[in-house]
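First the structure, in the form of structure tokens, and then the observations on it.
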Amino acid sequence: MYNPQLHQLVNNCLQKKAIDIAGKDNLFYTRLVANIASIHYLYNELYKNHPQAEKMFINLIESIRNAYLQRPENLKALDVEKGEKGTWFLSNEITGMSLYVDRFCGNLKNLGSRLDYFNKLGVNFLHLMPVMESPAGESDGGYAVSDFRKVDERFGTLEDLQKLQQKMSTEKMYLMIDIVLNHTSHQHEWAVKAKQGDKKYQDYFYMFDDRYIPNQYDAGMPEVFPESAPGNFTWNEESKKWVMTVFNNYQWDLNYTNPVVLVDMLDNIFFYANLGVDILRIDAPAFIWKKMGTTCQNLPQAHTLLRLIKQCVQAATPGMALLGEAIVAPKEIMKYFGTGMYTAKECDFAYNATQMALQWDALATGDTQVMLAAQHELLQKPYGTTWITYTRCHDDIGLGYDDYMIEHAGYNPYQHRKFLKDYYSGTLQDSPATGALFSVNPKTQDARISGSLASLCGLETALKNHDELQVELSVRKILLMQAQSFFIGGVPMLFYGDEAGYTNDYSYLDDAGKSYDNRWMHRPVINWEKNKNIDVQGTVEHRIFCDTQKLIAIRKKLTMLADFKNLTWLSPFNIHVAGFLRTQDATKLYCVFNFSKQVSYLSWAVFKQHGPEATELYDHWQNKTYNVGFDNQHLIIEPYSFCLLEQR
Ligand code: GLC
């Protein structure tokens, strides 16, 4: 709603710097004026009663203005280009890879000289795991940041990062890095000052003299790392205070009820935007607002905060999209795309963590019913937003989908999850998987799963036993898992090493800074000698690399795979087979995935239910054409295989 006072406020703020509102900066001015009422409303929802509310609101507008002023011209031009493309990130031409720079190739400089590797694979989007300064040994893989603007020496310098970004941009590659919004390292300057007793900085965190308030918070808050970091508060001897530390005890939660924290972190967000980041991964957004008596997760104020950030980014640095890393229940994940009048105006991306976990579910059971039971919720994703789709990432696999989805398939939720945990941790006899349980909660028996894609698919065991048949089956499983995540809609994100079949790496056990966290087993150190096998016919690495390459190439070619909410699930004619249809105008692509260790038979009737009946189907995966038969005849799908059938 138009508000003349706000308009004047914006004008005053812009006039202080030479912003040409009627000329070259008009686009920025228009965006800011268009969003200002919304920014003001969202800000007041959170801060109207704060003593510094008015002053900090002006600081917030100045932060937006400064971000725009500091934005390099080439990025401003890219903002326009991306804007003209519409929602650029829905494209079927983007495929990502997430990697630890040091474990992948040493440092940022080396990464710049390895871009041809991604090019060869077809990857044109990189998620660099945190590269900002983080204390060795207390780093949580870089998610405990001690300086948001200084690249950690292990990786190189800020200049190296800038050079890499420029090189990537020249090669038309997209860059994603993290903003760790929820917490800082206890060695961050703010935390250090807070420890020394500086009241201003103590207000940046949640710090208490005794356990009275922490106990009340703890009563409602689940534990994120119950084994390695139980509870949600840590005693700090220096300040003689209890500090809220939801994750590890060295990660201090920032207090966003203080608007100064918001503005300081917004400045950091803009700093990344102006480095040329295309997609900003907002780490752990579910946790950013705390309220006693609640779980302190997914609170409405967390969404308000994210919406506010989105509106500010849209005004100053609109080419940067936002990914909300909310690995929470399916219904809750969906809310990170925005609701009501903010639908598709919060995070542009979220991880399809539900689908990822459901694929692991189907792979273990050979039954796709639980996966199907969840889809009506996942289909609620608003137009204009998209998923990061994946099979593995640096984190564990949580089985956080709803009990009713499991019950719908006729299973008991507790028993079913127990089966999955036993299956993937390898404790179940006959399970080929080699993984481990992560963060077992002794009180609730909750646990998540660690392990690399290849090891969880059985490759580690098969190679150890020199069992060729099992090697074949595990490679098929790897590709089946990847293929479904590549075609289901969203931007696929490979995890480095998976393209060459890396199995678990147990060297983390010898490192005291890592051994308490078994997620390191699936964060490999790349051995470039071994990687040469990707070019050696007959090796597992070659097979997996080439087939992954082929999947990416197929996806890039078929425009119906862009995420335009153009997915319809197929009727479940066979419980072992999950299938969906992707459409664009008259073109149709049927994607069907057999999760069974047996051959599956799928009635041709499946292909006759959506508009004009198909007579011929061309499988892009096997380069083979099928004549569609009678309803009592079948498409035969090999164990752990899939077809990508275009109607002809
Ligand atoms: C996110 C990261 C995870 C980290 C946590 C705390 O969930 O993906 O690796 O431990 O945030 O920052």
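Numbers for residues simply follow the sequence, beginning at 1. In each ligand, atom 1 is the first atom listed, and ligand 1 is the first ligand listed. What's counted below: heavy atoms across the whole structure, side chains too, no hydrogens, waters or symmetry copies.
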Shortest non-hydrogen contact from Val246 to Met221?
CG2-CE, 3.6 Å
Salt bridge between Lys514 and Asp511, side-chain N to carboxylate O under 4.0 Å?
yes
Applying ring pair (Phe, Tyr, Trp, His ring centres under 6.0 Å), which residue pairs with at least one partner in residues 259-292 are found, sequence neighbours left out?
Phe247-Phe287
Decide if the gap between the ring center of Tyr117 and the ring center of Trp528 is smaller than 6.0 angstrom.
yes
Honestly, is Arg523 close enough over Tyr502, meaning NZ or CZ under 6.0 Å from the six-membered ring centre and within 45° of the axis?
no
May I ask you to check whether Trp387 and Phe337 place their ring centres under 6.0 Å from each other?
yes
Non-hydrogen atoms closer than 4.0 Å to ligand 1: which protein residues do they belong to? List them by chain and number, please.
Asp140, Tyr143, His183, Phe225, Phe247, Gln251, Arg281, Asp283, Glu325, His394, Asp395, Arg519
